[in-house]
Each structure stands twice: as C-alpha cells, then as structure tokens.
Amino acid sequence: MLLQKIKTISLFSFNVILAIWLGVFLNIVFYEKIHELTPYTGIKSSLFIAASLIVLVAIYHLVLQMLSWTWTAKPLAIVLVIIGGFSSYAVTSLGVLITPDQIQNVMQTDIAEARDIWSWRLLVWGLGMVVLPIIVILSVTLKPEAMLDHIWKKGVSLVVSIALIGGLLFVFYIDFAEIFRENRDLKAMISPQNMIESVASYYKHKAPKQNLPLLSYGVDAKRQTNNPSTLPKLMVLVVGETARAQNFSLNGYAKNTNPNLLTQDILNFSQVSSCGTATAVSVPCMFSGMPRKDYDEQLASHREGLLDIAKRAGYQVTWIDNNSGCKGTCDRVEQFKIPEAMQQRWCNEGECLDGILIDSLKLYLASLDQNDRRPRLIVLHQIGSHGPAYYKRVPPQFNAFKPTCDTNAIQGCTREQLMNSYDNSLLYTDHILDALIKTLKNTTQYQTALWYLSDHGESTGESGMYLHGAPYAIAPTQQTHIPMLMWFSNSWKQQAEKQVQCLAQQGKYELSQDHLFPTMLRLLDIASTVINPKNDMLSTCLKP
C-alpha cells in the first residue's frame with residue numbers, strides 16, 4: 001500500500017520533485033561558483049547560497065506548472081532530464097560552459113570527433129543522472145484530478161513561486177545584480193536552461209542561412225609580379241588544431257616539445273592570439289578579412305575570403321584536410337582527395353594521424369606538371385592536438401613524455417599524465433612541420449614558404465576547465481594564446497629579403513589571426529584595396 005502511494009502522486013508534487021532535481025542536483029558546480037563569488041562568509045554565505053537554490057528551484061517549478069499538464073508532464077520531464085543531464089556533465093566534469101558557440105561546435109562536428117567525447121565516465125553519469133531518473137518518471141502514476149483542482153493548485157503554486165522569487169531577489173538584489181553583471185557567463189552553467197537558451201540563440205543568430213547570394217570581395221585583386229625569369233611562389237599554410245603557445249618550447253616551455261623546429265631557420269612569433277576559441281569560429285574568421293572585433297559570422301558564410309582572392313589573382317589554391325572540414329572557407333577552391341591506400345595507412349575508425357598530410361603534400365607535388373608555372377597556395381588542415389583523446393593523435397614512437405593519459409576520460413588522469421599526452425601531440429606536430437619544411441626544401445621548381453598557426457588553444461584542467469570553446473570575453477589565455485611560425489626557402493628570401501627581415505623583427509610583437517589575411521596577400525604579391533594596412537605585418541616596415 002505504501003509503495004502504491006509513493007508511485008501515485010499529484011502533478012503538483014511531481015513538478016516539485018522535478019524542479020528540485022533540475023534546480024539542485026544538476027547544478028552543484030553553479031552553486032560552488034556562487035559560493036566562490038559571494039561577498040559573505042559563515043552563516044550569511046550559507047543563507048545566500050540557500051536563497052540562490054530556492055530561487056532557481058522556484059523558477060523551474062514556475063515554468064513546469066505553466067507548461068505541464070497530466071498528459072504532457074512525463075514527456076516534458078524526460079526531455080528536460082536528458083537535456084539537463086548531459087549539459088550538466090559538460091559543466092561539471094569538463095568545466096565547459098554551454099553557449100551558442102558550443103552548439104555551433106556540436107552542429108559542425110563529425111562522427112569521429114563525437115565518438116572521442118564518449119567515455120566510461122560519461123556512461124556512468126548518463127546511467128545515474130539520465131537513465132535512472134527517466135525510469136523513476138516512467139514508473140510513477142500521476143493522480144487524476146478534476147480540471148478545477150488542477151487550475152486551483154497551479155494558480156496557488158504560481159503565486160507562491162513568484163512570491164519566493166521576487167522576495168529573495170529583493171532581499172539579495174544588490175548581491176545578485178553585482179555577481180551576474182560581472183560574471184555574465186554564470187547562466188551558461190545552469191542546466192538545462194543553458195542548453196535550451198543556447199540552442200535557441202544558435203538557430204536565431206548563428207545557424208547558416210540558406211540560399212544567400214555569394215558576395216564578391218577583393219574583386220580588384222591582382223598579382224603584382226609576373227617576371228617569367230623568377231620561380232613561381234608556393235606557399236603552404238598549415239592550420240593547426242588546439243595547440244597552445246605556452247606549451248611550445250620555442251616560447252620557453254620547459255619540456256622540449258619543438259626539438260626539430262629548433263634546428264630549422266624559422267621565424268617564431270610568441271605573442272599571437274586567436275580570433276575565437278573553437279574551430280567553427282576561428283577558421284572562417286581568419287580567412288574572412290574581418291578583424292575579430294568586427295567579425296560577422298553570417299557575412300563570412302556567404303562572402304568571398306582569402307582563398308577566393310588568391311585564386312582570382314592567379315594562384316592555384318588547394319585545401320588538404322585532416323580535420324572536420326574547412327567550415328566553408330574552401331568551398332570554391334580545389335580540395336585534394338586523399339587516396340584510399342593512403343587512408344588505410346594513416347587512418348583508424350575514421351580518424352587519421354597528421355602524417356597523412358606529409359604524404360598528401362608529397363603526392364600532390366609529385367603530380368604537378370613540370371611546365372605548369374602557376375603560383376600555388378596550399379592549405380593543410382591538421383587534427384593536431386584535438387581533445388579529449390590526445391593519445392589518439394600520436395604514433396607510439398612519439399610518446400616521449402611519460403606516463404600518459406591513454407583515455408578520453410581525461411578528468412580521471414593525473415595532471416602529469418594529461419600534460420604528457422598533450423605535450424606528445426605537440427611533439428608530433430613539431431615532427432609534421434619539420435617534415436613539411438624538408439619537403440619544401442627539396443621542391444626546387446618553386447620559391448617555397450610555410451606559415452603555421454593554430455586555430456585556438458586548449459584548457460587542460462586549469463581552474464577546472466578542459467577542452468576549449470569558452471566565451472571569448474572570459475576565456476583563459478590557454479584557449480586564446482596560440483603558436484605561430486614561418487619558414488622561407490633561400491630562393492624566396494633572395495627575392496623578398498626586406499619582407500623576411502621585416503617579419504623577423506616582430507617575434508615578440510602582439511599579433512593575432514587578424515594579421516593572416518592582409519599579410520598573406522602581401523607575401524603572395526597580391527595587391528587589393530581590401531588589404532587593411534593596420535593588420536598587415538609588412539606595413540610596419542615596408543610601404544605598400
């Protein structure tokens with residue numbers, strides 16, 4: 001009889017229990033953050049935390065009472081438990097803030113990347129925080145009540161909820177206003193509203209609009225040098241993935257993560273920032289010609305960019321990808337198809353080691369007609385240090401730093417294991433870049449050069465944050481401070497000695513991905529009115 005009473009509850013009680021589950025158990029990290037930010041100590045601090053908890057539970061109960069009826073309560077509850085459970089995992093276990101940018105990352109990811117997120121920790125969390133609550137929801141029976149009783153109880157509960165919310169916000173108004181004004185990212189920690197709000201914002205502001213006309217850009221672009229006696233230029237632009245500058249030994253990191261690059265005659269730039277904290281933002285931004293502060297994602301999605309302009313100026317532009325795509329930047333240029341036999345050598349379960357880029361470049365260069373004197377711009381897109389499965393990015397012989405974190409459940413690894421695995425991925429990138437430079441040294445029918453920069457950085461547990469994608473305004477430097485370097489062949493340096501000398505002076509300048517668009521065009525001898533001299537690295541030393 002007691003079990004039967006427990007299984008049969010009123011809609012009011014059902015919504016109260018659900019509101020407590022959503023408001024309390026899914027948001028422990030949120031309350032920890034509130035406790036960290038509260039100006040109080042002792043009993044006053046406890047009262048403020050309790051007030052925050054009651055306000056959030058009351059808000060969820062208010063919404064549930066308005067939206068749920070006997071026939072909709074369970075489906076709505078199941079949806080909220082699923083959304084809230086998995087968004088809470090991201091916030092609690094990875095320190096990831098749920099924002100529209102994160103939704104964009106999810107929408108643009110591929111199966112291989114999505115598979116890397118799954119782990120035994122996520123499975124256990126899903127069983128406890130999603131599956132078990134759903135079983136409870138399905139097992140209870142909602143007590144049938146007359147419509148007038150329903151409406152009466154809803155009316156009373158709405159009044160009580162509003163009174164609790166209004167009263168507590170009034171009592172602690174100054175504190176709530178100060179904390180949320182100075183920490184706007186807090187709402188990205190509250191599950192499941194963070195997921196619901198971010199999805200709505202993504203589809204309203206960030207989702208690609210369909211059938212928009214392509215806007216021309218840089219239509220006046222022309223190549224200034226066309227001397228038949230000089231070798232044509234071949235620039236390789238390597239877009240890295242998730243590499244952060246502070247872990248490059250070129251920038252003073254204690255571990256030797258760049259042993260090969262140290263032996264090359266490169267130009268290293270140690271103070272470079274990214275346009276975004278995720279590939280879906282940084283890659284389109286750096287090719288768009290728009291500086292980060294003025295970047296418009298919708299405009300960039302249907303306007304020509306750097307690759308289009310280089311193509312218009314006479315360059316053969318080719319994109320070679322070992323990541324989840326070019327995010328629209330290479331849609332109108334040649335995309336190199338990696339042969340099946342090469343994929344079998346380098347790939348496993350849809351993910352390929354970056355060694356495939358070395359072989360692809362060699363194959364591409366070997367296939368060129370010796371009489372073809374068109375200048376070329378080749379973009380190589382790395383998988384680099386993409387997490388959380390850092391161990392998958394490295395062949396066994398490059399696991400120099402041990403012990404390693406050989407799992408994608410990186411929260412369970414020690415700090416030493418995690419950093420060793422991440423640093424091993426950078427060590428492998430060092431090998432990749434070194435091999436590419438050596439390949440270009442042997443390409444004598446062109447003036448060759450290489451430019452490498454990462455799309456964004458990575459958090460590896462600092463302040464409880466992992467991976468990347470934090471809102472730029474509050475993103476830690478680990479996610480925005482990126483490595484960048486250049487290499488020029490002797491033939492290129494002979495033809496553009498002043499340019500190379502100018503760049504060599506800027507190793508410690510504060511630079512950003514904003515500088516890629518104008519500086520690359522200048523290096524490729526392309527003139528256009530869309531080149532912004534403020535972001536052109538060569539304008540600091542040389543007149544346009």
Side-chain angles (χ1 to χ4, degrees), residues 15-64 77-99 102 117 119-137 161 164-165 168-169 172 175-176 179-180 182-198 388 409-413 459 461-467 469-471 474 476:
N15 284 338
V16 168
I17 295 170
L18 180 59
I20 292 173
W21 176 260
L22 298 176
V24 178
F25 295 100
L26 297 185
N27 292 290
I28 301 300
V29 172
F30 167 71
Y31 297 119
E32 290 175 349
K33 187 68 175 178
I34 288 288
H35 180 264
E36 179 185 317
L37 296 172
T38 180
Y40 303 119
T41 58
I43 187 66
K44 288 186 177 180
S45 174
S46 299
L47 289 173
F48 184 70
I49 299 301
S52 303
L53 186 151
I54 293 170
V55 167
L56 186 55
V57 171
I59 289 173
Y60 279 139
H61 187 251
L62 178 71
V63 173
L64 289 170
I78 290 171
V79 170
L80 291 176
V81 164
I82 293 173
I83 294 173
F86 287 114
S87 64
S88 179
Y89 173 81
V91 174
T92 303
S93 298
L94 298 173
V96 172
L97 302 180
I98 307 299
T99 64
Q102 291 289 12
I117 299 295
S119 67
W120 64 269
R121 282 178 171 264
L122 177 56
L123 177 61
V124 172
W125 180 280
L127 290 174
M129 304 296 284
V130 178
V131 175
L132 184 59
I134 289 176
I135 291 174
V136 173
I137 290 169
S161 295
L164 282 172
I165 296 167
L168 290 172
L169 289 180
F172 293 99
D175 306 303
F176 279 123
I179 288 174
F180 279 88
E182 298 299 323
N183 302 274
R184 297 181 182 275
D185 57 299
L186 275 176
K187 66 178 182 178
M189 301 177 71
I190 304 174
S191 301
Q193 78 84 28
N194 50 7
M195 184 70 75
I196 297 170
E197 182 179 332
S198 294
I410 54 179
Q411 316 93 301
C413 293
S459 288
E462 298 84 9
S463 301
M465 297 183 71
Y466 294 87
L467 306 180
I474 57 96

So, taking the atom named [atom1] in [X] and the one named [atom2] in [Y], what distance separates them when rounded to the nearest 0.5 Å?
X: Ile54; Y: Ile59; atom1: CD1; atom2: CD1; result: 12.0 Å
X: His35; Y: Phe30; atom1: NE2; atom2: CZ; result: 13.5 Å
X: Met195; Y: Ile82; atom1: CE; atom2: CD1; result: 11.5 Å
X: Lys187; Y: Glu197; atom1: NZ; atom2: CD; result: 4.5 Å
X: Asn183; Y: Leu37; atom1: CG; atom2: CG; result: 4.5 Å
X: Asn194; Y: Ser87; atom1: CG; atom2: OG; result: 4.5 Å

To check you understand the geometry: which heavy-atom pair defines the closest contact between [X] and [Y], and what is its length?
X: Phe172; Y: Ala51; answer: CE1-CB, 3.6 Å
X: Pro192; Y: Ile83; answer: CB-CG2, 3.9 Å
X: Pro388; Y: Ile410; answer: O-CG2, 3.2 Å
X: Tyr89; Y: Ser119; answer: OH-OG, 3.7 Å
X: Leu26; Y: Gly85; answer: CD1-N, 4.1 Å

Could you tell me if the side chain of [Y] sits less than 4.5 Å from the side chain of [X], heavy atoms only?
X: Pro476; Y: Met465; value: yes
X: Tyr60; Y: Ile190; value: yes
X: Leu122; Y: Phe86; value: yes
X: Asp175; Y: Thr38; value: no
X: Ile196; Y: Leu80; value: yes
X: Val29; Y: Met189; value: yes
X: Trp21; Y: Pro133; value: yes
X: Leu18; Y: Leu64; value: yes

Checklist line | Full working for side chain to side chain contact (heavy atoms under 4.5 Å, CB included) between Leu62 and Ile165 | finding: CA-CA 10 Å; Leu62 178 71; Ile165 296 167; 4.3 Å; yes
Next item on the list: Please state whether the rings of Phe180 and Phe176 are parallel, tilted or perpendicular, taking 30° and 60° as the class boundaries.
Entry: tilted
Notebook entry, point to check: Do the side chain of Asn27 and the main chain of Leu22 share a donor and acceptor less than 3.5 angstrom apart?
Noted result: yes
Item checked: Backbone of Ala90 reached by a side-chain donor or acceptor of Ser93 within 3.5 Å -> no
Next item on the list: Scan residues 78-91 for pairs that pass salt bridge (Lys or Arg N to Asp or Glu O under 4.0 Å), counting only residues two or more places apart or in two chains.
Entry: none
Check: Can you pull the salt bridge (Lys or Arg N to Asp or Glu O under 4.0 Å) pairs that have at least one residue in residues 83-98, sequence neighbours excluded?
Finding: none
Next item on the list: For the pair Val81 and Ile137, evaluate side chain to side chain contact (heavy atoms under 4.5 Å, CB included) and give the outcome as yes or no after the intermediate values.
Entry: CA-CA 10 Å; Val81 164; Ile137 290 169; 3.8 Å; yes
Check: Looking at Val91, Leu97, Val96, Thr92, which hits side chain to side chain contact (heavy atoms under 4.5 Å, CB included) with Leu94?
Finding: Val96
When the side chains of residues 42-49 are checked against the rest of the protein, which donor-acceptor pairs come out under 3.5 Å, sequence neighbours left out?
| from | atom 1 | to | atom 2 | distance (Å) |
| --- | --- | --- | --- | --- |
| Ser46 | OG | Gly42 | O | 3.4 |

Check: Can you find a side-chain donor-acceptor pair between Ser191 and Ser88 that sits under 3.5 Å?
Finding: no
Next item on the list: Start with the C-alpha distance between Ile20 and Phe25, add both sets of side-chain angles, then the distance that settles side chain to side chain contact (heavy atoms under 4.5 Å, CB included), and finish with yes or no.
Entry: CA-CA 7 Å; Ile20 292 173; Phe25 295 100; 4.1 Å; yes
Checklist line | Stepwise side chain to side chain contact (heavy atoms under 4.5 Å, CB included) test for Ile179 and Ile34 | finding: CA-CA 8 Å; Ile179 288 174; Ile34 288 288; 4.3 Å; yes
